[in-house]
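Each remark here refers to the structure printed beneath this line.
The basis for the numbers below is simple: all heavy atoms, side chains too, and nothing from hydrogens, waters or symmetry mates.
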2 protein chains.
Amino acid sequence: MQITSKFTVAVHILACIDIFDGQMRVTSDFLSGSTGVNAVIVRGVLGQLRNAGIVETRQGSGGAHLAKALDEITLYDIYKAVDCVDDEGLFHFHENPNADCPVGRNIHKAMDGRLEAAQAALENELKSTTLAQVVADTRKIIDEE
Amino acid sequence: MQITSKFTVAVHILACIDIFDGQMRVTSDFLSGSTGVNAVIVRGVLGQLRNAGIVETRQGSGGAHLAKALDEITLYDIYKAVDCVDDEGLFHFHENPNADCPVGRNIHKAMDGRLEAAQAALENELKSTTLAQVVADTRKIIDEE
DNA sequence: AAAGTTGAAACAGAAATGTTTACAACTTTA
DNA sequence: TAAAGTTGTAAACATTTCTGTTTCAACTTT
């Protein structure tokens with residue numbers, strides 16, 4: 001089980017937009033080249049980021065741009081934007097526990113709070129990190145090369 | 001994306017073993033009935049729990065038993081036992097970032113620490129919860145019915 | 001010896017995910 | 001206005017992952 005790579009692709013895309021915008025047109029084709037991911041997938045991710053208000057894109061005129069400052073975009077915003085987890089939650093409960101069994105009938109309720117707490121711990125950590133930090137680290141590594 | 005339901009099935013199974021052991025033989029067939037999950041899947045989960053030293057089962061003689069005290073089993077132990085996440089980690093990095101692009105070449109390194117921290121936050125939360133707590137809650141809910 | 005059970009492998013089906021192809025809608029440039 | 005380049009999106013296809021099913025050998029108890 002792994003969280004969809006669209007998440008890391010999205011971060012990669014946003015880092016590219018920040019670093020290359022102004023120098024060149026950051027098209028889905030260019031981003032496909034940098035990420036190694038199909039241009040249609042890139043456009044899909046860009047669409048989700050656009051719906052979340054994180055980037056701006058327009059038909060015809062190529063080139064994506066950030067819609068927010070880097071330090072106003074957290075990893076959690078991106079994680080939500082690309083739908084890493086659905087409304088069911090991170091953990092998948094088995095669907096048909098036996099209601100005639102006292103355990104089967106109640107285990108879901110007994111676990112729910114714990115599972116939500118675990119998911120919240122993950123998400124809070126993502127909320128505490130901004131793209132500004134990730135891009136700063138990336139630039140630093142590039143400069144040190 | 002969701003963590004395999006084998007995790008909640010495993011917790012359900014362990015709760016059943018604790019609650020019904022002594023009263024009846026807790027066989028894979030019985031557990032299949034309580035969880036609503038195929039008996040072969042149940043035996044698979046029991047096998048993983050046995051490998052992790054959490055339960056004891058034997059061929060021929062039916063009936064699973066706990067191999068540890070309830071308060072010595074954390075949700076993390078179960079999560080590891082049933083292989084919720086593999087060695088690659090919870091997050092899935094896209095495989096072919098372009099090494100000719102400064103971002104593509106370095107984004108992985110720039111993100112890794114952050115992703116590991118997020119995964120650790122989830123796992124630490126699971127480590128802080130024992131089966132004893134979950135079963136106590138389950139018994140409490142049963143008693144209040 | 002018979003009945004019940006676990007362990008494990010092989011196969012099938014379903015569901016989720018990712019890829020590719022195709023094309024209409026749009027913008028810019030010449 | 002025409003051409004070229006780009007985005008948005010749908011549809012078809014392929015791949016992967018998860019779950020269920022079947023089958024049977026090995027084992028234990030009665």
Side-chain angles (χ1 to χ4, degrees), chain A residues 1-10 12-13 17 20-21 24-33 35-52 55-65 67 82-97, chain B residues 1-10 12-13 17 21 24-33 35-52 55-65 67 81-86 88 90-97:
Chain A
M1 193 293 304
Q2 289 191 304
I3 287 178
T4 173
S5 62
K6 286 202 295 182
F7 175 64
T8 57
V9 169
H12 184 150
I13 283 173
I17 294 175
F20 294 114
D21 196 5
M24 62 185 69
R25 239 180 350 160
V26 184
T27 65
S28 58
D29 228 50
F30 170 79
L31 291 168
S32 172
T35 57
V37 168
N38 189 283
V40 175
I41 307 290
V42 170
R43 293 207 283 271
V45 172
L46 279 173
Q48 292 180 300
L49 294 173
R50 175 169 34 81
N51 290 338
V55 301
E56 285 169 357
T57 60
R58 275 161 57 214
Q59 278 191 329
S61 75
H65 308 279
V82 300
D83 257 339
C84 284
V85 304
D86 56 36
D87 298 336
E88 305 284 303
L90 178 62
F91 293 91
H92 183 187
F93 226 94
H94 48 300
E95 320 259 323
N96 305 306
Chain B
M1 191 293 306
Q2 289 191 305
I3 288 177
T4 172
S5 61
K6 285 202 294 183
F7 174 65
T8 57
V9 169
H12 184 150
I13 284 173
I17 294 174
D21 197 5
M24 62 185 69
R25 248 194 328 174
V26 185
T27 65
S28 58
D29 228 49
F30 170 80
L31 292 168
S32 172
T35 57
V37 168
N38 189 283
V40 176
I41 307 289
V42 169
R43 291 206 284 271
V45 172
L46 279 173
Q48 292 180 299
L49 294 172
R50 174 168 35 81
N51 290 338
V55 301
E56 286 169 357
T57 61
R58 275 161 56 213
Q59 278 190 328
S61 73
H65 307 280
V82 300
D83 257 340
C84 284
V85 303
D86 56 34
E88 306 284 304
L90 178 61
F91 292 91
H92 183 189
F93 226 93
H94 48 301
E95 320 260 323
N96 304 305

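Under the 30°/60° scheme for interplanar angles, the aromatic rings of A:Phe20 and A:Phe30 are found to stand perpendicular.
Checking the phosphate oxygens (OP1, OP2) of C:dG4, no side-chain nitrogen or oxygen of B:Arg25 falls inside 4.0 Å. A close approach under 4.0 Å does not occur between any side-chain nitrogen or oxygen of A:Thr57 and OP1 or OP2 of D:dT6.
Residue whose closest nucleotide on DNA chain D sits further toward the 5' end, between B:Ser5 and A:Ser28: A:Ser28. For the pair A:Lys6 and B:Ala64, nearest-nucleotide mapping onto DNA chain C gives the more 5' position to B:Ala64. Comparing A:Gly63 and A:Gln2 against DNA chain D, the residue whose closest nucleotide sits nearer the 5' end is A:Gly63.
Taking CG of A:Leu49 as the start and OG1 of A:Thr57 as the end, the distance is 9.5 Å to the nearest 0.5 Å. Going from atom CZ of B:Phe93 over to atom NE2 of A:His12 covers 8.0 Å, rounded to the nearest 0.5 Å.
The nearest whole Å value for the distance from the NE2 atom in B:His94 to the C1' atom in C:dT19 is 16 Å. Here the C1' atom of nucleotide C:dA16 and the CD1 atom of B:Ile3 are 16 Å apart, to the nearest Å. Distance A:Phe7 CZ to C:dG18 P: 14 Å, rounded to the nearest Å. One atom, CD of B:Glu56, and another, P of C:dG7, lie 12 Å apart when rounded to the nearest Å. Atom CG of B:Leu31 is separated from atom P of C:dT5 by 12 Å (rounded to the nearest Å). Rounded to whole Å, the distance from CZ on B:Phe93 to C1' on C:dG18 is 18 Å. Rounded to whole Å, the distance from CD1 on B:Ile13 to P on C:dT6 is 11 Å. Between the CG atom of A:Leu49 and the P atom of D:dT7 there is a distance of 14 Å, rounded to whole Å.
Within the 3.5 Å criterion, the main-chain N or O of A:His92 finds a donor-acceptor partner in the side chain of B:Thr8.
Judged by Watson-Crick or G-U wobble contacts below 3.5 Å, the nucleotide D:dT30 has C:dA1 as its partner.
Annotation: side chain to side chain contact (heavy atoms under 4.5 Å, CB included) contacts of A:Glu56 (sequence neighbours excluded): A:Ala67.
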| Verdict with supporting geometry, A:Ile41 and A:Val9, side-chain contact (heavy atoms from CB on, under 4.5 Å) | CA-CA 9 Å; A:Ile41 307 290; A:Val9 169; 5.7 Å; no
| request: Assess whether side-chain contact (heavy atoms from CB on, under 4.5 Å) is satisfied between B:Leu46 and B:Ile17, documenting all intermediate values. | output: CA-CA 11 Å; B:Leu46 279 173; B:Ile17 294 174; 4.3 Å; yes
| With the sugar-phosphate defined as primed atoms, P, OP1 and OP2, and the base as all remaining atoms, what B/S/- string results for nucleotides 20-30 of chain D, 5' to 3', for protein heavy atoms under 4.0 Å? | BBB----BSS-
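Side-chain proximity of A:Thr27 to D:dG8, D:dT19, D:dT7: nearest is D:dT7.
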